[in-house]
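These notes are about the structure you will find just below.
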Amino acid sequence: MTLDFPVIFLLPTNLGADELHELEEQIPTLTYDINEAEVILGNVHRKQRVLFELRKHKLVTEEISTTETDEPTSPSLKRRRFQTPGSVITEDSDTASDGDFHPLLTQSTQSTLKAAPTTVKVVKLAWFTESLKAGTVLPIEDYTLYRGRKQQSKPAKLQQASPAKAANIIKRALADPKPSSHGSRPGSSHSTTSHGRRDHFITKAPALLHMTTSEHEVELPPIPAYLHTTYACQRPAPTHPPNEPFIEELTKIRTARTLLGDKIGVRAYSSAIAALISYPYLLQSAFEVARLPGCGLKIAQLYQEFREQGELQEAKEDESDPRLAVLKLFHEIWGVAETTAREFYNKGWRDLDDIIEYGWDTLTRVQQIGVKYYDEFQQKIPRAEVESIANIILEHANKIHPGFQMVIVGGYRRGKLASGDVDVVLSHPDKAATRGFVEQIVVALEQSNYITHTLILSTANTERGQEPVAWKGNEKKSGTGFDTLDKALVVWQDPHWTTGEKKNPNPHRRVDIIISPWKTAGCAVLGWTSGTTFQRDLRRYCKKERSLKFDSSGIRSRADGTWVDFESGPNGEPAPDMLTAERRVFEGLGLEWRPPEERCTG
DNA sequence: CAGTAG
DNA sequence: AGGCCTTACTG
DNA sequence: GCCT
């Protein structure tokens, strides 16, 4: 039987991932929108913590004293607030500045507004668990930590307003509860499969909604479950998200931050971009943006500007900034990052010819290679050529030692039509085959004239015997630090051509050859397939949620440093292949497996 | 040591 | 207020 | 810039 619970929002704080997941399954009236909640359930015990959580979720309430009754605020009171003279927020009028205003949306909004509770209780977790045990909904008072009255309900939409004014509105509004309504895009039916119950949401006030809705049942917009995590590795990230144009503008700003050396800004924009990539609907309002993980006031304001202007002033200025253009050029040289790009600029250099003429001898070896093949490295590599290069590598590998398996990783595996470089992971069930192999394969490919230069050759894993040795944060120098894989970052050129030219017309390509011992091949494939933000969040997730240390050469416990094997089978038998191993790593980490095409976090 | 790479 | 992924290789 |  189902108990008659109020609408519940669950605070993830102080809950393990498993615990959280289990509770989510158990709560029949779970909402992922805190504004819809009548009860906020949390593994918290002090009022101070409650207040912190409410702030965190951008839910502003005023406390109801314990003697006061908690009758809902009358709707007319709310309405009056919005219709204060001079305010540009209205609850029920919309000038449809976005052109595709849909009356049904407003009706939904109004229904939701009327149904949205005006008071909320924050309750200890025990109330729910003990109610389940008792088979009845226990009196809530004994477990209530806090009762609050929501200070304001939600404006439906913004009227057209000057950007400055609109920004102010957003600023104020963001301090208030988020809207429980936003534009849904029935057309963009993502076939994503995240938490299985991803589209669970509470459709409030069905009576009202149904009265005013015609035969088309327009669902209230689902708030995908995966948008309630800050970890990009828990969300599907498609190649071409609905909000790509806005995301492109944000990416311009991020690029500028990169060039200026603003690492934290880069991280912030990357997080916001990753969340927006995962958002499966066309955005309708700034509030919708602010509710996304990694997106706050600033990103919401930028969205507002984008919606009104079709572009972002900051992005535009960055693009027309001559200094940034030069820094960008230099930064695109392989072996040059932001510090050196600025250094070059400060020497007065403005293009590659300046570097060659005035600074050639000051460049490192790899930077010289980067300059020499600048144009060719800028060329994208078509999928067919990626496959061709990879197959040549695999053939050479098997000539040295039959039985190698290979996965083409990187952007190719994520489905990109053209890649910046070629990344392959090679492994072999026989440990003896992978030990010292990276040097052998490089030599073989040099002798076949495919590899023209070796930029970096890393043999650290081989040197430590390919063993995932126990790790302790402090005792690293000992040479037994368990970490990176053997790899070769090389320059590649197909030595065969038929056009009769004297000079080889084939472009030079960047190729990364990664060698993994079999028992960590799943980690290697996982680590080298995903976008940067996915990777970063995967490590952060392992650290914060699992007390594990992930890297592409293995997983260890942070408690005692011991190696954690998710890849072997139940009886310790090795994984049958590298892709199975990768799936087992997802599973072992408590993450849902995702096809590589959904790991495009940017 | 600072800088760079994926 | 402090954290934000990670560490080996290069010069 | 956002989260805890």
Side-chain angles (χ1 to χ4, degrees), chain A residues 11-14 49 52-53 55-58 174 229-233 250 253-254 257-258 261-275 289-302 331 333-343 362-368 370 409-411 420-425 454-464 471 473 476-477 479 481-490 510-514 523-524 527-544 548-556:
Chain A
L11 293 171
T13 306
N14 293 333
R49 181 69 201 196
F52 172 73
E53 293 291 336
R55 271 203 309 282
K56 193 170 97 190
H57 287 85
K58 300 169 189 171
L174 284 185
T229 172
T230 61
Y231 301 111
C233 56
L250 293 180
I253 297 180
R254 180 179 63 178
R257 301 300 174 94
T258 302
D262 173 13
K263 290 212 175 59
I264 296 310
V266 171
R267 202 204 81 104
Y269 277 89
S270 295
S271 300
I273 287 168
V289 174
R291 165 184 67 178
L292 268 32
C295 298
L297 172 61
K298 176 63 184 259
I299 304 296
Q301 286 174 337
L302 288 173
H331 190 258
I333 299 169
W334 204 90
V336 174
E338 53 268 19
T339 305
T340 306
R342 270 199 303 280
E343 207 174 281
T362 72
L363 301 188
T364 68
R365 183 183 64 92
V366 299
Q367 286 168 347
Q368 289 178 345
V409 289
D421 64 1
V422 179
D423 304 295
V424 299
V425 175
T454 300
L455 298 167
I456 287 177
L457 187 69
S458 173
T459 59
N461 198 20
T462 280
E463 280 163 9
R464 86 176 68 91
W471 162 85
K476 39 195 299 187
K477 315 253 169 257
F482 169 56
D483 168 55
T484 19
L485 299 165
D486 287 2
K487 61 176 175 285
L489 314 187
V490 304
R510 276 275 306 106
V511 174
D512 296 341
I513 302 170
I514 296 104
C523 291
W528 281 83
T529 295
S530 333
T532 308
T533 305
F534 189 102
Q535 273 241 46
R536 176 171 33 72
D537 286 355
L538 177 63
R539 292 189 165 135
R540 205 162 50 85
Y541 167 85
C542 287
K543 182 174 179 173
K544 307 278 190 205
L548 294 171
K549 184 167 159 58
F550 177 93
D551 88 50
S552 51
S553 59
I555 298 168
R556 278 163 300 154

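Because the structure is a prediction, the values reported are computed rather than measured.
If you measure from atom CD1 of A:Ile273 to atom C1' of D:dG1, you get 12 Å, rounded to the nearest angstrom. Atom OH in A:Tyr541 sits about 16 Å away from atom P in C:dT6, given to the nearest Å. The distance from atom CG of A:Leu297 to atom C1' of D:dG1 is 10 Å, rounded to the nearest whole Å. Protein atom CD1 of A:Ile555 is 14 Å distant from nucleotide atom C1' of C:dT6, rounded to whole Å. Put simply, CG on A:Leu538 is 11 Å from P on C:dT6, counting in whole angstrom units. In this structure, A:Arg539 places its CZ atom 8 Å from C1' of C:dT7, rounding to the nearest Å. Separating the CG atom of A:Leu302 from the P atom of D:dG1 is a distance of 9 Å, rounded to the nearest angstrom. Distance, A:Phe550 CZ to C:dT7 P: 13 Å, rounded to whole Å.
A:Asp423 meets the salt bridge (Lys or Arg N to Asp or Glu O under 4.0 Å) test with no other residue; sequence neighbours excluded. For A:Gln368, the side chain to side chain contact (heavy atoms under 4.5 Å, CB included) partners are A:Trp360, A:Leu363, not counting sequence neighbours. With sequence neighbours left out, A:Thr454 forms a side chain to side chain contact (heavy atoms under 4.5 Å, CB included) with A:Val442, A:Glu446, A:Ile451, A:Leu457, A:Val490. Take A:Arg257 and apply the salt bridge (Lys or Arg N to Asp or Glu O under 4.0 Å) test, not counting sequence neighbours, and it matches A:Asp262, A:Glu314. Under the side chain to side chain contact (heavy atoms under 4.5 Å, CB included) criterion, A:Ala272 pairs with A:Cys295, A:Ile299, sequence neighbours left out.
For A:Ile456, counting side-chain heavy atoms from C-beta on, the closest listed nucleotide (C:dC9, C:dT7, D:dC2) is C:dC9. Closest contact between the side chain of A:Thr364 and the listed nucleotides C:dC4, C:dG11, C:dC9 involves C:dG11. For A:Ala268, whose side chain is taken as the heavy atoms from C-beta onward, the closest listed nucleotide among C:dA8, D:dG1, C:dT6 is D:dG1.
Close approach of DNA chain B to chain A, defined as any atom under 4.0 Å from a non-hydrogen atom of the protein, starts and stops at B:dG3 to B:dG6.
A sub-4.0 Å separation between OP1 or OP2 of C:dC4 and a side-chain N or O of A:Lys543 is present. When the side-chain nitrogen and oxygen atoms of A:Lys487 are compared with OP1 and OP2 of C:dC9, none of them lie within a distance under 4.0 Å.
No engagement by A:Thr532 is indicated, since no non-hydrogen atom pair under 4.0 Å with the nucleic acid exists. Residue A:Asp537 is out of contact with every strand shown, counting any heavy-atom pair closer than 4.0 Å. Across all strands shown, A:Arg342 has no heavy atoms under 4.0 Å from either base or sugar-phosphate atoms. Contacts of A:Gly294 with the nucleic acid, taken as non-hydrogen atoms under 4.0 Å apart, involve only primed sugar atoms and P, OP1 or OP2. Backbone-only engagement by A:Ile299 is indicated by non-hydrogen atom pairs under 4.0 Å involving sugar-phosphate atoms exclusively.
Nearer to the 5' terminus of DNA chain C, by closest-nucleotide assignment, is the contact made by A:Arg267 (compared with the other of A:Arg267 and A:Ser458). The nearest heavy atom of DNA chain C to A:Val366 and to A:Ile264 marks one nucleotide each, and the one closer to the 5' end goes with A:Ile264.
Using a 4.5 Å cut-off on side-chain heavy atoms (C-beta onward), A:Tyr269 and A:Leu302 make contact.
Of the possible donor and acceptor atoms, one in the side chain of A:Gln367 sits under 3.5 Å from a partner among the backbone N and O of A:Gly335. Remark: the backbone N or O of A:Val266 is paired with a side-chain donor or acceptor of A:Ser270 at under 3.5 angstrom.
For the P atoms, the distance linking C:dC4 with B:dA5 amounts to 23 Å, nearest Å.
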